[in-house]
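Please read the structure below before turning to the comments.
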There are 2 protein chains.
Amino acid sequence: MTENDKQTEEKIFEAATDVFIEKGMDGARMQDIADHAGINKSLLHYYYRTKDHLFNAVFEKIAGQMFKKFAPVLDENLSLEDKIRFFIREHIAFMQKNPRLPSFILNEIHRNPERIRKLIQSIDINKLWTTLEAQHKEELKRYNITKENLPQFMTTVAGMSVFPFAAKPIIASIMEKMGYNFDEYIEERKEYAADFIINAIKK
Amino acid sequence: MTENDKQTEEKIFEAATDVFIEKGMDGARMQDIADHAGINKSLLHYYYRTKDHLFNAVFEKIAGQMFKKFAPVLDENLSLEDKIRFFIREHIAFMQKNPRLPSFILNEIHRNPERIRKLIQSIDINKLWTTLEAQHKEELKRYNITKENLPQFMTTVAGMSVFPFAAKPIIASIMEKMGYNFDEYIEERKEYAADFIINAIKK
DNA sequence: AAATAGTTTAACCAGATGGTCAAAAGTAAA
DNA sequence: TTTACTTTTGACCATCTGGTTAAACTATTT
């Protein structure tokens, strides 16, 4: 009941994750997911009633993984500068292992903005700012990061690490033409992005 | 023959552009495009034989528009710093008018990387670098921009302007929660992004 | 071993989808 | 008006797609 069950349900979930990430909700086919999981299509509907249910389960988990990467940074006992370095390095490393995730999420939030809206409404941004300020009051002042321009700063940091993966086919083509490859570019980016950001705020 | 013809073909093309941008290739329906154009579905196939043909025509034009925004910057008689400001301002302004384009292109290049690969293979990157170096040799040296780290720099600049639109539903939700809205954020970004980049390279 | 409950399968279905086709409607020249 | 041509339409089709159902299979309990 539990042993084989979990196996099947997990097999389905993993297959669905792979297929949805590669093809997106619209491009994915239930038959394709069943084939990847090595089971009958009806079993999909047995465990997850509809394509929508299955997709939501997959998306929720993936989005969670992605956003949880942001949280622990705040707890680390590091200078703001080192936190930025730490975040960029870890975030890029995570995406190196899951290179299609950024494009998948970025696309699906446009198909259904309401889902991400609810997720964000549940975050206490004031508290987040208070925590940040308590830990780095002087640094924030010195770097001219205020509550008002925090979204600009945070989207800049996020963009520095996410954009290369979102635009991977373009960047990979460019690198290829210059005799390098995308992986080298990404390895370099860990340092380049962090340096760039820190230079910018140090002005 | 030519007058009404062009009108119909254009109506189809425009309707297809709207629908493809909003739903993507997989999510778009030929019937939906026909309805938007106010014509019979068969007419779509009369002018553009298949969905694929129609999509390619649309994508080619859109991608062209997007990338052409990069070119004229090189010709302007401005300092490198002003070119960066000019590019960011113009590029963001263009996307303000077409906010779904970035996400559309970013998504479709993953569905068919070969198309963008061919487009980029046709660009002469060496010549681009030579031109840039001829115009801004000293500035490039002073800002430590080399041929080797140019991709890092260019993707950073592109990311600064593109990422906010690619992640619009997330950013819009955050701004909403903070009592602002996305449009204000974007207006601010024109200056913030340019300042950020210039501060970073001035170090 | 029989009963019970959960799991897996094959066959099937209704609606959607991209695409075809022949005929009708429109247009311009002879 | 007739002829020749292009444009537009409605009816139609094969295939695909998400989803259902009833029966077969498996394992556990009594």
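A, B, ... follow the sequence lines: proteins, then strands. Residue 1 opens every chain.
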Base D:dG10 to side chain B:S42, donor-acceptor N/O within 3.5 Å cut-off: yes

Value in whole Å for how far the P atom of C:dG6 lies from NE2 of A:H45: 21 Å

Under 4.0 angstrom between A:Y47 side-chain N/O and C:dT8 OP1 or OP2: yes

Pair B:R115 + B:E108, salt bridge at N-O below 4.0 Å: no

Nearest-Å distance for atom pair OH/P, residues B:Y48 and D:dT7: 13 Å

Sugar-phosphate only, base, or nothing, as touched by B:A28 at under 4.0 Å among non-hydrogen atoms: sugar-phosphate

Rounded interatomic separation in angstrom, taking CD from A:Q31 and C1' from C:dA16: 17 Å

Minimum-distance nucleotide (side-chain atoms of A:Y46 versus D:dG19, C:dT8, C:dT9): C:dT8

Integer-rounded Å distance: D:dT17 P and A:D35 CG: 11 Å

Short side-chain N/O contact from A:R29 to OP1 or OP2 of D:dG18, under 4.0 Å: yes

Interatomic distance, B:F182 atom CZ to B:K168 atom NZ [nearest 0.5 angstrom]: 5.5 Å

Distance in angstrom units between A:K23 NZ and D:dG18 P, rounded: 12 Å

side-chain N/O A:R49 vs D:dG19 OP1/OP2, d < 4.0 Å: no

N or O in side chain of A:N40 less than 4.0 angstrom from C:dT8 OP1/OP2: no

Side-chain-base donor-acceptor pair under 3.5 Å for A:K51 and D:dG19: no

Flag if over 12 foreign heavy atoms under 6.0 Å of CD, A:Q31: yes

Check: B:F55 ring centroid to B:F20 ring centroid under 6.0 Å: yes

A:K41 NZ to D:dC16 P, straight-line distance once rounded to whole Å: 13 Å

Under-3.5 Å donor-acceptor pair between A:T8 side chain and C:dT7 base: no

Euclidean distance, atom CD1 of residue A:I39 to atom C1' of C:dA10 [Å, nearest integer]: 14 Å

Gap between atoms CG and P, on B:L44 and C:dT20 respectively (whole Å): 12 Å

B:F165 side chain reached by B:N98 side chain, heavy atoms, under 4.5 Å: no

